[in-house]
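Atom set for the values below is all heavy atoms of this structure, side chains included, hydrogens, waters and symmetry mates excluded. All residue numbers in this chain count up from 1 along the given sequence.
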Amino acid sequence: MRNLKKTAWVVVCILTVGLLWGCTSDADMKAYLQALLDTSYKNDTTTFVKIKLGTADEAKTLYEQGIDTGVSSFCSRLGVSEDYKDEFRQLYMDMLKMVRYQVGDAQKQSDGSYIVTVSYEKMNIFKPTLELYQQNVAALANEWMTNTDNPPSEEEKMKEVVLQFKKSMETVLAEVQYNEAETMTIRIELVDKLYTPNTDDVAQLEKVLFDGE
């Protein structure tokens, strides 16, 4: 496994859905960002549909595309084959659903953009998972060394090592801990008559939601 502190990704498919310029307000921008985040992380299309960014089916399609991209990146950064994508897909979705954020007030800026405050609690998932995983793999290695009568093949060992990470992460996620709440801001920019979140700000939000860099 590669260094988990380098694990970071951006759910981009939904966060590129723009809001048309028109009769917008601070409340509209707050609802807009809420819709994008809820759909991206929690597969909750309620606000997405309410503010008419699209239909529930369209939102779910974008969500699935984002998950496909995210799982591929997740496996790549862990250093495991995409053959294990199906093994990690549900775990990845469960982890995203458990992120903690709260969209606060939006304030219009002199250039027409909006600044939206987001409160978040960092999820401590990767460091404890890695610690548990290392313990479990060490125990496995010891078991293999003592089991000389019917040792597993190298392919079987590799698969068990990969799935051991999944099991470790599931264990940690079941009782995952969070840091105290902090805040950051996301700029909603007007480009070609479409309001869209600043990509650097979105990437920063991804980083602070999890204990990875």
Side-chain angles (χ1 to χ4, degrees), residues 5-74 76-77 92-93 95-123 125 178-213:
K5 288 188 177 181
K6 294 183 180 295
T7 301
W9 59 92
V10 179
V11 182
V12 295
C13 290
I14 296 172
L15 294 179
T16 55
V17 176
L19 181 68
L20 283 172
W21 173 82
C23 298
T24 54
S25 65
D26 293 356
D28 291 331
M29 287 300 140
K30 177 179 179 178
Y32 170 54
L33 185 59
Q34 187 80 54
L36 298 185
L37 295 180
D38 287 353
T39 308
S40 295
Y41 289 105
K42 303 182 182 294
N43 196 21
D44 180 353
T45 65
T46 304
T47 307
F48 189 95
V49 173
K50 182 178 179 180
I51 66 173
K52 299 181 180 179
L53 285 178
T55 66
D57 287 342
E58 289 170 339
K60 289 184 180 297
T61 296
L62 290 170
Y63 172 77
E64 291 295 332
Q65 291 172 351
I67 293 300
D68 288 341
T69 301
V71 173
S72 293
S73 176
F74 186 68
S76 174
R77 291 183 179 276
Y92 179 81
M93 292 166 63
M95 179 182 68
L96 292 188
K97 286 180 180 179
M98 292 180 68
V99 298
R100 290 184 178 179
Y101 60 81
Q102 185 171 348
V103 180
D105 293 333
Q107 293 185 333
K108 190 171 186 178
Q109 307 300 296
S110 59
D111 62 358
S113 66
Y114 286 80
I115 297 294
V116 187
T117 300
V118 178
S119 173
Y120 65 89
E121 297 175 38
K122 185 188 294 289
M123 180 189 294
I125 180 67
Y178 299 83
N179 288 0
E180 293 294 325
E182 298 185 57
T183 60
M184 64 169 290
T185 59
I186 293 181
R187 181 180 292 272
I188 309 295
E189 300 170 318
L190 184 59
V191 181
D192 296 330
K193 295 187 177 182
L194 280 177
Y195 281 106
T196 56
N198 178 275
T199 54
D200 290 338
D201 291 347
V202 171
Q204 182 61 26
L205 177 62
E206 285 280 352
K207 291 180 180 179
V208 301
L209 285 174
F210 306 97
D211 63 337
E213 298 177 359

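Residues Val71 and Tyr92 share a closest heavy-atom pair of CG2-CD2, 3.6 Å. Closest approach of Thr185 and Thr117 over heavy atoms only: CG2-OG1, 4.1 Å. Ala35 and Ile51 make their closest contact through CB-CD1, 3.9 Å (heavy atoms, listed as atom of the first residue, atom of the second, distance).
With contacts defined as side-chain heavy-atom distances shorter than 4.5 Å, the pair Val116/Tyr32 does not qualify. Leu53 has its side chain out of reach of Thr39: every pair of non-hydrogen atoms, C-beta onward, lies at least 4.5 Å apart. In this structure, Asn43 and Ile67 have side chains that are not in contact, with every pair of non-hydrogen atoms separated by 4.5 Å or more. Contact annotation: the side chain of Leu205 approaches that of Ile186 to within less than 4.5 Å [non-hydrogen atoms, C-beta and beyond]. Considering only heavy atoms from C-beta on, Tyr120 stays 4.5 Å or farther from Asn179 through its side chain.
Ring centers of Tyr195 and Tyr114: under 6.0 Å apart, within the cut-off.
Remark: Asp68 pairs with Arg89 by the side-chain contact (heavy atoms from CB on, under 4.5 Å) rule, at least two apart or across chains. In this structure Asp57 satisfies the salt bridge (Lys or Arg N to Asp or Glu O under 4.0 Å) test with no other residue, sequence neighbours excluded.
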Check: residues 98-109 side-chain donor-acceptor pairs under 3.5 Å, at least two apart:
from, atom 1, to, atom 2, distance (Å)
Arg100, NH1, Glu121, OE1, 3.1
Tyr101, OH, Leu37, O, 3.3
Tyr101, OH, Asp38, N, 3.2
Tyr101, OH, Asp38, OD1, 2.5
Gln109, NE2, Gln107, O, 2.9

- Task: Give the C-alpha distance, both sets of side-chain angles, the deciding distance and a yes or no for side chain to side chain contact (heavy atoms under 4.5 Å, CB included) between Val208 and Met184.
- Result: CA-CA 9 Å; Val208 301; Met184 64 169 290; 3.9 Å; yes
- Message: Using the rule given for side chain to side chain contact (heavy atoms under 4.5 Å, CB included), can you reason through Phe210 versus Leu96, listing the C-alpha separation, both sets of side-chain angles and the distance that settles it, and then say yes or no?
- Response: CA-CA 10 Å; Phe210 306 97; Leu96 292 188; 4.0 Å; yes
- Message: Is there a side chain to side chain contact (heavy atoms under 4.5 Å, CB included) between Glu206 and Tyr41? Walk through the geometry before answering.
- Response: CA-CA 10 Å; Glu206 285 280 352; Tyr41 289 105; 2.7 Å; yes
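Taking CE of Met29 as the start and CZ of Arg187 as the end, the distance is 13.0 Å to the nearest 0.5 Å. Glu189 contributes atom CD, which lies 8.5 Å from atom CD1 of Ile115 (distance to the nearest 0.5 angstrom).
A distance-only check finds a donor-acceptor pair linking the side chain of Thr55 to the backbone of Glu58 [under 3.5 Å]. Under the 3.5 Å distance criterion, the side-chain polar atoms of Ser73 are left unmatched by any main-chain donor or acceptor of Thr69.
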